[in-house]
Each structure stands twice: as structure tokens, then as C-alpha cells.
Amino acid sequence: MANEINNFQEIISHCKEYGYIFQSSELYDGLSAVYDYGQMGAQLKKNLRDEWWKSMTQMHDNIVGIDAAIFMHPTVWKASGHVDNFSDPMIDNKDSNKRYRVDHLIEAHVATLDKESGEALIAEMDKLLAADDLAGLKSLIESNKIKCGISKTCNWTDIRQFNLMFSTQIGSVAEEADTIYLRPETAQGIFVNFLNVQKTGRMKIPFGIAQTGKAFRNEIVARQFIFRMREFEQMEMQFFVRPGTQMEWYNYWKDTRKKWHESIGIPTEKLRFHDHVKLAHYADAALDIEFEFPFGWKELEGIHSRTDFDLSQHAKYSKKKIQYFDNDLNAEGKAYGNYTPFVVETSVGLDRLFLTVISLAYQEEKWTKEDGTEDSRVVLKIPAKIAPTKLAILPLLKKDGLPEIATELLNECKPHFHCFYEEKDAIGKRYRRMDAIGTPFCVTIDHQTKEDNTVTIRYRDTMTQERIPISEVKNIVAKGCM
RNA sequence: GCGGAAGUAGCUCAUUUGGUAGAGCGAUAGCCUUCCAAGCUAUAGGUGGCCGGUUCGAGCCCGGUCUUCCGCUCCA
């Protein structure tokens, strides 16, 4: 395990050194738990997003994609339950480090009092809670000498509002502005557009709506590099089904999503399902697809059977009817008719997927050369189809007309996939640099190229090379990246 | 958020008890030409994380702060 932690440190360093991930605002000492993707990382992330998007929208006739805004009407988050469930004032005891919800702490104390003084205290608390008077609540706790159940002391921290949602104001004049939230999940953008998409796309159940985009959570503790960030990107698909069929689809997506992860090179033994024992208020079944990260098994994707909770809640809060008329015939030969569809959700963290791919790809290799000396390299074995750069074009020397031939090949290839051109330094050094950023193919132009139009292609994973006609390069690389 | 540790060039690290910073690698330019990082020459780079204090003088001592790591805690 210690070894794996060290390895994780090296992965983080490597990501910075080769332009995959930088800490946000590093120039100003950084911003905690926020990261930027660099020139290589942005491309890898885009490739992962594109693969997912294609697998959902292009490969399924009954799934369409949308791109909802980050800002949404404030009532959306009341309907979804986010406002009520995640805005509790919390207080910590400094001696036991135990954290309490303020209302729970006071209510527990009230239980020890007689009826009259208990009710008075509750009334006082409710007044302060309604006024968001955190300092007042703290002095209420202190004046009543409410103690921590573990340390038995009154050594409390200040009370903090513990809301996972970021808020801001819409409109340029603060006083007139309404508070709105940065979405803590992308799913609600799909639910509120259910009718729009279903009607304009003439979608028939079962069908899905897919979306990728940023979400924001004000995590108290955010750690483990890009695993838990305050700003992150989700790739979600909500699949709308006939009530009663949700478990069938839940199992379908469970298998389908695991296979997809395997299709981008994640070994099956590094993936596992973890069924939720305690279900969230909206779910009747839920599981995580976990990946064995360098710091242990952690959630990569969530698959939830969300019942009709979300659509029903939005129907209730918006006072609009959100239903689907199903013309299909049931066993008795009658149409299924009007109902609120059930939802099976697949939700994968793009940043987590990125971390998965990078931690699998990162390898340090050592071997003994023919002359007996030791050699080593650091290589990112990113599967070719998602690698940020597909092909490096390297003239062996930067003279004798070799760069000219190389440039011609570059111009032929770059409309089709991402290429990198380099003529500086010894060829071995250039190969190692390409290994470090994960380029799967290198092609070297040498003097023989001028004679017979062949080049050397060198494969990243095996370090083997072979001679191929220069006219074949484009097709071989394109095929290798499918 | 609590406790512990750390922060010197892009990276890895030096700088004996306080006397105003060095190396290797890397990078850039040129030379060389050689299919797996290690040939030659030159150049660039640090207000020692930041702010303040003690001192004649602080990278070094003290306080605060930011960031990172480890352990708790939290994670709809």
C-alpha cells in the first residue's frame, strides 16, 4: 500500500510535468480542490467525453443528448430535495472533534429538560434558525451549557452553515437579485426538460436523455487529487421506463456500463459492483461501479433506479402535469395509458474516469540492455483510441531533406488525427518524450525513406518497430486508434 | 473542520550553530548525427509559498496565512 501511495504521488507529479493537470490558480498558491486540465489533459478528457457521448447517443437509437445550463430556477433544488437536505448549521466540539447538527444537539439537550423550559428553548432555537443567526445559536448553546456527549465539554467551534451547494445572485443589482445555485448535479437539467425532449423528439418509452457538464459541490474536505473536486464534470444519462420494468433496465445498464468501461481498456478485475445498502430517499435500487484506484476501491460510476421521484417532485412544485401516454398494449390488449415514467440513471464522473485511465496507464519500466547496462522509461500506456496525441512524426536528422518529407506526411495525417512533429534531439530521447505523454505511434523518416518511401513505425507499448511504406502510415494509425 | 509533517530554479535536492543562494537533470538556441533519454558550446530561471515580528543582519528563530501530503471527520 505504501508503494501504491508513492506511485500515486508520482502519477500526480507526472500529470503536472507533462501538461495533463495543473492546480487551479497555482500562480497564487492554488485554490484547494480545484484543478485545471493542461494541453494534454484537456485532449484526453475530451476524448473520454466523446467516447461516452458516442456510446450513448450514436450507438443507441433511443437516447438523445442535451446541454442544459448550469444555472437553474431556485425551485428546482427545492423540488429535488437539495435545499432542505443540505443546508444544516453544524458545530464541532474542539475536544472530541465530533461534529453535530445544531438542531440535533439542542433537541437532545431539550430531552433532558422539563417540558416548559424545553419548549422555551426550542422556540428560541427556531427563531434563531429562521433568522440564520449563527452567532446567536452558539451563545444559546453556551448559555445553556450544552455539552458534547463524548468529551463532556462546552469547547465549541463557531457554527458554520454546512451547505454543499454554491450560491450566487442573478441580476446585476444585489438587493433585487434572487439567490440561485450552481447545480450540484446535472440530472435535474434532464428532468425539467423531460417533456420538451419527449415531445419535440417524439420519443417513445423506453428512451434516454444524456448530458455531460460541470457540477459544483462545496465539499468540506476534498482530497485525493482530482477524485473529489469542488468543480467537476459529470456524464449522466437518465433512462425513462415504464413503471414496473425498472429493475430489468437497471440490470441492463449495470452490465452495459461495466462493458463500456472495459471497452476503453479498464481491466475487468479492476472493476466491481457495490450495492448500496442504505438507499437515498429517491431510489429503490442503487449501486456503484467501483474502480481500484491507487488509494483503494472507490466509486467511479453510480447506477440508480430513481423511481418516479424526480418527475413527480417537479410536477408537484411546478404544478404542471409531467406524464407520458403509452400506446403500447399490455397483456389484456389495452394501452398502458398515462403514467409518470420511472427513471434509471447512469452517472459517471468524467474526472474520476480520467484518473482511472491515467493511473492504469502510468508505468515505470526497467530492463537490461544488450550491453548489460540498465535502462528505464516512464510510459503512459493510454489506449490508442483515447490517447491525446496519436502519432509523432520524427525526421531522424533535421537536414538532407528529411524534415520536408516529414512535413508532407504531417500535412497528410493531421486532418484525420492529432499529430506531433519533433526534430530536436536524439531519436531515443524523442521516443521517451512521446512515451511520457502517451503517444501510441511514432514514425521516423530516415535516409532510406528517400530511396524506397518506407519509414520506421515504432509502437509505444512494446517498443518494437517495423518498416512500412510511408503511404500506409495514415491508414495504419487510424486503424490502430479505432 | 481537527491533529501531525512539509514548502529553496520546471524536477530532485544542497546551502555545518542566523552573515543577502548552488548542483545535477530538464528547458531554449546552435553544433554534431546516432533508431530507444546520458557528445560539445552558449543562454535563460529563484524578492527562499505569502504577510508580519525578533535582530545590525533571517532561507534558517517566532507568529499568522495559503497550499500540499498523512491520520481522523464528512461525503444527498
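First the proteins, then the strands, lettered A, B, ... as listed; each starts at 1.
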Please report, to 0.1 Å, the donor-acceptor pairs under 3.5 Å made by any side chain of residues 38-45 of chain A, with sequence neighbours excluded.
{"from": "A:Q43", "atom 1": "NE2", "to": "A:N47", "atom 2": "OD1", "distance (Å)": "3.1"}
{"from": "A:K45", "atom 1": "NZ", "to": "A:E233", "atom 2": "OE1", "distance (Å)": "3.0"}

Could you measure between the two [atom1] atoms, the one in [N] and the one in [M], and give it in whole Å?
N: B:rG57; M: B:rA14; atom1: P; value: 29 Å
N: B:rG24; M: B:rG45; atom1: C1'; value: 15 Å
N: B:rU16; M: B:rG22; atom1: C1'; value: 15 Å
N: B:rG63; M: B:rU20; atom1: P; value: 26 Å
N: B:rC75; M: B:rU67; atom1: C1'; value: 22 Å
N: B:rA38; M: B:rC32; atom1: C1'; value: 16 Å
N: B:rG59; M: B:rU55; atom1: C1'; value: 16 Å
N: B:rC61; M: B:rA23; atom1: C1'; value: 27 Å

Atom pair distance, as rounded to whole Å: [atom1] in [X] and [atom2] in [N]:
X: A:R217; N: B:rA76; atom1: CZ; atom2: C1'; value: 8 Å
X: A:E364; N: B:rC11; atom1: CD; atom2: C1'; value: 14 Å
X: A:R352; N: B:rC75; atom1: CZ; atom2: P; value: 14 Å
X: A:R228; N: B:rU68; atom1: CZ; atom2: P; value: 15 Å
X: A:F8; N: B:rC69; atom1: CZ; atom2: P; value: 8 Å
X: A:Y20; N: B:rC11; atom1: OH; atom2: P; value: 19 Å
X: A:E17; N: B:rC11; atom1: CD; atom2: C1'; value: 5 Å
X: A:K16; N: B:rG10; atom1: NZ; atom2: P; value: 8 Å

>> Run the ring pair (Phe, Tyr, Trp, His ring centres under 6.0 Å) test on A:W253 and A:F239 for me, step by step, so that the C-alpha distance in whole Å, both residues' side-chain angles and the decisive distance to 0.1 Å come before the verdict.
In response: CA-CA 9 Å; A:W253 283 111; A:F239 201 69; 5.4 Å; yes

> Dot-bracket, RNA chain B: Watson-Crick or G-U, under 3.5 angstrom, [ ] crossing, | other strand?
Replying inline: (((((((..((((.....[..)))).(((((.......))))).....(((((..]....))))))))))))....

> Do any pairs count as a side-chain hydrogen bond (donor to acceptor under 3.5 Å, both in side chains) and have a residue in residues 346-359 of chain A, sequence neighbours left out, and if so which ones?
Replying inline: A:Y37-A:D351, A:E236-A:S347

For [range], which residue pairs pass the salt bridge (Lys or Arg N to Asp or Glu O under 4.0 Å) check, not counting sequence neighbours?
range: residues 388-414 of chain A; result: none
range: residues 209-218 of chain A; result: A:K214-A:E231
range: residues 445-457 of chain A; result: A:D446-A:R467

> Does B:rG26 sit syn or anti, given that only angles within 90° of 0 count as syn?
Replying inline: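 It is anti.
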
>> For A:F71, does the six-membered ring have the charged nitrogen or CZ of A:R183 within the cation-pi criterion, i.e. under 6.0 angstrom from the centroid and within 45° of the normal?
In response: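 That pair does not qualify as a cation-pi contact.
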
>> What does the B/S/- profile of nucleotides 30-42 of chain B look like, 5' to 3', with a 4.0 Å heavy-atom cutoff to protein?
In response: ---B-BBBB----

> For A:N453, what residues pass the side chain to side chain donor-acceptor pair (under 3.5 Å) criterion, not counting sequence neighbours?
Replying inline: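 Checked A:N453 against side chain to side chain donor-acceptor pair (under 3.5 Å); zero matches.
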
>> Could you work out, with side chain to side chain donor-acceptor pair (under 3.5 Å) as the rule, every residue matching A:Q234, not counting sequence neighbours?
In response: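 If we apply the side chain to side chain donor-acceptor pair (under 3.5 Å) test to A:Q234, skipping adjacent residues, the hits are A:T186.
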
> Is there a side-chain contact between A:I21 and A:F225 (heavy atoms, below 4.5 Å)?
Replying inline: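 Heavy-atom side-chain distance check passes, below 4.5 Å.
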
